[in-house]
Amino acid sequence: MTNVFESESTRYLVVVNSEGQYSLWPEFVDVPAGWDVVFGPSGRQGCLDRIAATWVDMRPVSLVSAMDGPDA
């Protein structure tokens with residue numbers, strides 16, 4: 001069985017949660033509660049490129065706030 005997250009023929013979405021964490025998500029699967037579509041549908045590489053260009057700070061929003069303070 002092929003991993004759906006590694007399939008080049010599957011169409012994907014880029015989703016983000018309230019902590020600013022991004023994920024690749026197969027278009028044919030319902031997006032889980034708490035995640036919003038921010039790009040797609042598109043091919044796998046296009047979605048991965050979008051994530052790489054957008055998600056430059058891997059820290060969750062709550063950690064950034066705790067480390068940098070609310071005024072940063």
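Please read all numbers here as calculations on a predicted model, not as lab measurements.
The heavy-atom pair separating E27 from P41 by the smallest distance is OE2-CG, 3.2 Å. When all heavy atoms of L24 and C47 are compared, the pair lying nearest together is CD1-CB, 3.4 Å.
Annotation: side chain of Y12 is not in contact with side chain of S42 (no heavy-atom distance under 4.5 Å). Contact check for F5 versus P26: side-chain heavy atoms found under the 4.5 Å cut-off. Annotation: side chain of F28 is in contact with side chain of T10 (closest heavy-atom distance under 4.5 Å).
S23 places no side-chain N or O within donor-acceptor distance of the main-chain N or O of W25, the cut-off being under 3.5 Å.
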Using a 3.5 Å cut-off and no angle test, enumerate the donor-acceptor pairs between side-chain atoms of residues 14-22 and protein atoms at least two apart in sequence or in another chain.
from: N17; atom 1: OD1; to: E19; atom 2: N; distance (Å): 2.9
from: N17; atom 1: OD1; to: G20; atom 2: N; distance (Å): 3.2
from: N17; atom 1: OD1; to: Q21; atom 2: N; distance (Å): 3.0
from: N17; atom 1: ND2; to: Q21; atom 2: OE1; distance (Å): 2.9
from: E19; atom 1: OE1; to: V61; atom 2: N; distance (Å): 3.0
from: E19; atom 1: OE1; to: S62; atom 2: N; distance (Å): 2.8
from: E19; atom 1: OE1; to: S62; atom 2: OG; distance (Å): 3.0
from: E19; atom 1: OE2; to: S62; atom 2: OG; distance (Å): 3.1

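For residues 42-59, the salt bridge (Lys or Arg N to Asp or Glu O under 4.0 Å) pairs, not counting sequence neighbours, are E8-R44, D57-R59, R59-D68. For residues 30-39, no pair satisfies side chain to side chain donor-acceptor pair (under 3.5 Å), with sequence neighbours left out.
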